[in-house]
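Report on one structure; see the data block that follows.
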Amino acid sequence: MISTKSRVPRQLIAYILKKGNSYQSDLFIVRYTKNDKHFSRYRAIISKKLLRGAVDRNKLRRQIYEIIRTKDAEREEKHAHDLILIPKKNILPRTFRQIEDDITKNIINRPHDQSEQA
RNA sequence: UAAACAAAUUUGAGUGGUCGCCUCUCACCCGCCUCAGGCGGGUGCGGGGAGGAAAGUCCGAGCACCACGGAAAAUCGCAGCCGGUAACACCGGGCCACGACGAAACCUAAUAAGAUCGUCGGAGGGAAAGUGCCACAGAGACGAUACUAUCCCGUACCUUUUUGUUUCAAAAAAGUGCGGGGGAAAGGUGAAAAGCCCGCUUCAGGCGGGACAUUCCCAAAAGUUUUCCUUCACGGAAAACAAGCGGGAAAGUGGGUAAACCCUGUGAGGUGCAAGGCGGGAUGGAAAGAUUUAUUUUCCUCCAAAUGUAAAUAAAUUUUCCCGCUGCUGGAGUUGUAAACGCGUCCGCCUCGUGCGGGCUCCAAACAACCAAGAUAGAUGACCACAUUUUUCCGCUUUCGGCGGAGAAAACAAAACUCGGCUUAUGAUAACUCGUUUAAGAG
RNA sequence: GCGGGUGUCGUAUAAGGGCUAUUACCACAGCCUUCCAAGCUGUUGAUACGGGUUCGAGUCCCGUCACCCGCU
């Protein structure tokens, strides 16, 4: 789990989902915007259609936040972003290590600024 | 007594370490307002951090706002009795000619049924207010009907017999066919047959009596509640409610189905913490709708412009939500010890009873201790090591099997204002109770 | 969080409490054709699950499960 200030504030979520830029990794749909902080903020949203029980849904969200905490927690960045991660259906059979690889390679180390310029 | 199986109740998933999350108290630091102090942010020590079902949202409440002069109707529930309770569709007790299964006395040639007893279950008012439905089969399924059998009358004169006669004709009786009528005591059908039983009688209807159910009255009563008296305690008295049981009277009706409509009694105003209150409203986001202004496009008109119509975009205006605090965590609370009464159950004793004494479970006065979840796109996770169980693969040994290594799994499932129940999911391990089976022993 | 609704062969649909549960497409088999298609004939296959009421439930009542739709 990451602290409250490292998570995207609640009132920005609707705005990011509607107006933010978007791309997909192997396991996630990602929507993001720039922010004026010196660190990136994250939020994981899991659909009730993906996992029906509340226990499984809470566990997946905690694992995602745990990966972000160990790999990216409050890292200093010049151009930080607010990111929302939405898991896709093919995340279900994956182990913790496989999810960790996908987030590290495709999301945290991705140069978001280039895609904006393009 | 032991073992196995099954059910109910209680318990609710190992240990340690690293990093990390939410919240509370205290201390320190920073910033702002003000100078008692308050607000915001940060750091550190310490405390706390999901369940028996948090679930389904099926009932009952608290709490909050809105509406409201009263009554009735409609709609939606509930349904024998007493009590527990804030309340309930929950729980406990006892009742029932309510149902199922079992036992066996009496009766009987024997069986069945039946009064009785035991166990389990029961959404258990009313079918004598009315309406509807009851397939197939069957005569008939509820204002009864007329198939078979049966009785009466008429008729045919086909058959037989008798009387009579030469014969024919005629008459009577029986049988058969046809028509009309009487009529429910017999049958087979069916889940169910005009309610049941007994006696007398008729060609057949018919008559009388009994038992049960219904209503009213009377007497007593399981049980419960309240009050009073007395006592160390046991206890006693009175009043109220009282299902069912018994007696008497009336009525003179009787198939089933009300989880069919309905009738009777009884209850319910609506919305739900996203209720509601306070603050903020600077910027921004979402939704809704309208107005104004500007631009662009289309249409009408047209030489063109302006005006008008429709659409899109932008800006402004309005409302609601998004934000912070509150409601918000202490409540009909939980745990432990446990008196007395009482229900249940087991054991012993005798005078064998609605008996006495004792043990256990439940219930529970009183006392003590504790209250430490309050998140808000929603706080408990990840990794490592060890231990237990199950399982897969590989290697060694090899009769079942054992040893070593690697991997996987270890229930159902997570608060969202708070309680009381119900229902459903799961059941490692342990405890206790009841039941069944087997084995051994005793009578 | 709150509320409403629906479950019938593989698919889409019928069925006043009274059947061996209807019809069409699909599937399978046969006929027809040189072969395929079309056509004809036949077969298989279902009341979501568990109880209750009733002589008798797809239907009535209760409880689960799955799915769908609203409010927010």
Side-chain angles (χ1 to χ4, degrees):
Chain A
M1 185 42 74
I2 58 179
S3 62
T4 308
K5 71 169 188 179
S6 299
R7 281 177 268 168
V8 175
R10 188 179 169 188
Q11 56 266 36
L12 288 178
I13 290 171
Y15 175 74
I16 293 172
L17 286 177
K18 204 170 182 80
K19 299 288 177 66
N21 298 308
S22 173
Y23 66 94
Q24 295 195 12
S25 73
D26 292 338
L27 303 178
F28 291 94
I29 299 166
V30 182
R31 290 183 188 272
Y32 67 98
T33 56
K34 277 199 285 189
N35 70 8
D36 54 354
K37 309 284 183 185
H38 59 279
F39 54 87
S40 290
R41 293 184 295 190
Y42 297 86
R43 182 71 80 171
I45 297 175
I46 300 159
S47 167
K48 234 179 193 176
K49 283 184 180 176
L50 189 71
L51 281 171
R52 194 167 173 76
V55 174
D56 297 330
R57 217 162 46 235
N58 285 346
K59 180 162 186 175
L60 178 60
R61 187 180 60 245
R62 283 164 182 157
Q63 286 177 337
I64 292 168
Y65 282 143
E66 183 69 18
I67 291 163
I68 291 166
R69 184 183 67 83
T70 53
K71 301 298 177 189
D72 190 52
E74 299 183 34
R75 189 176 57 173
E76 292 281 340
E77 279 186 87
K78 282 185 180 176
H79 304 289
H81 296 82
D82 291 334
L83 297 97
I84 292 176
L85 312 180
I86 302 166
K88 301 195 285 190
K89 249 184 184 177
N90 56 4
I91 203 172
L92 292 179
R94 305 305 174 89
T95 64
F96 180 79
R97 298 295 184 198
Q98 288 171 319
I99 299 170
E100 191 174 30
D101 287 347
D102 184 70
I103 291 176
T104 306
K105 286 178 187 171
N106 296 325
I107 296 174
I108 293 177
N109 294 327
R110 178 192 171 94
H112 293 102
D113 293 335
Q114 289 185 2
S115 65
E116 271 180 28
Q117 290 167 6

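Sequence lines set the chain letters: A, B, ... in the order given, protein chains first and strands last, and positions in each chain run from 1.
Nucleotides B:rA251 and B:rU116, compared at atom P, are 32 Å apart to the nearest Å. Using C1' as the reference atom, C:rG16 and C:rC2 are 37 Å apart when rounded to the nearest Å. Atom name P, nucleotides B:rC347 and B:rU214: the rounded distance is 42 Å, in whole Å. Taking atom P in both B:rC39 and B:rC325, one finds a spacing of 13 Å when rounded to whole Å. For the C1' atoms, the distance from B:rG336 to B:rC371 is 15 Å, rounded to whole Å. Taking atom P in both B:rU388 and B:rC412, the straight-line distance is 25 Å, to the nearest Å. Between B:rG99 and B:rA113, the two P atoms lie 14 Å apart (nearest whole Å). Distance check on atom P: B:rU345 versus B:rG435 gives 12 Å, rounded to whole Å.
Taking atom CZ of residue A:Arg61 and atom P of nucleotide B:rA382, one finds them 13 Å apart after rounding to whole Å. Atom pair A:Tyr65:OH and B:rA375:P shows a separation of 17 Å (rounding to whole Å applied). Remark: C1' of B:rC21 and CD1 of A:Ile64 are 16 Å apart, rounded to the nearest angstrom.
Base pairing annotation: B:rU424 forms no Watson-Crick or G-U wobble pair, as no partner gives both donor-acceptor distances under 3.5 Å. Of all nucleotides present, only B:rA156 satisfies the Watson-Crick or G-U wobble test against B:rU176, with each distance under 3.5 Å. Base pairing annotation: B:rC19 forms a Watson-Crick or G-U wobble pair with B:rG381, both donor-acceptor distances under 3.5 Å. With both pairing distances under 3.5 Å, C:rG50 is matched to C:rC62 as a Watson-Crick or G-U wobble pair. Summarising the base pairing, B:rG281 is matched to no nucleotide, lacking a Watson-Crick or G-U wobble pair whose two defining distances lie under 3.5 Å. As the counterpart of B:rG272, B:rC63 is assigned, both hydrogen-bonding distances of the Watson-Crick or G-U wobble pattern falling under 3.5 Å. In this structure, B:rG118 forms a base pair with B:rC101, meeting either the Watson-Crick or the G-U wobble geometry with both donor-acceptor distances under 3.5 Å. If you check C:rC9 for Watson-Crick or wobble pairing at under 3.5 angstrom, you find it has no partner at all.
With rounding to the nearest 0.5 angstrom, the OH atom of A:Tyr42 is 13.0 Å from the CD1 atom of A:Ile64.
One finds a side-chain N or O of A:Arg62 lying less than 4.0 angstrom from the OP1 or OP2 phosphate oxygen of B:rU380. For A:Gln63, a side-chain nitrogen or oxygen approaches OP1 or OP2 of B:rA382 to under 4.0 Å.
Taking syn as a glycosidic angle within 90° of 0, B:rA305 does not qualify and is anti. Taking the syn range as angles within 90° of 0, the glycosidic angle of B:rG52 is syn. In this structure, B:rA50 is classed as syn because its glycosidic torsion stays within 90° of zero.
Side chain of A:Glu66, nearest nucleotide from B:rA379, B:rA382, B:rA414: B:rA382.
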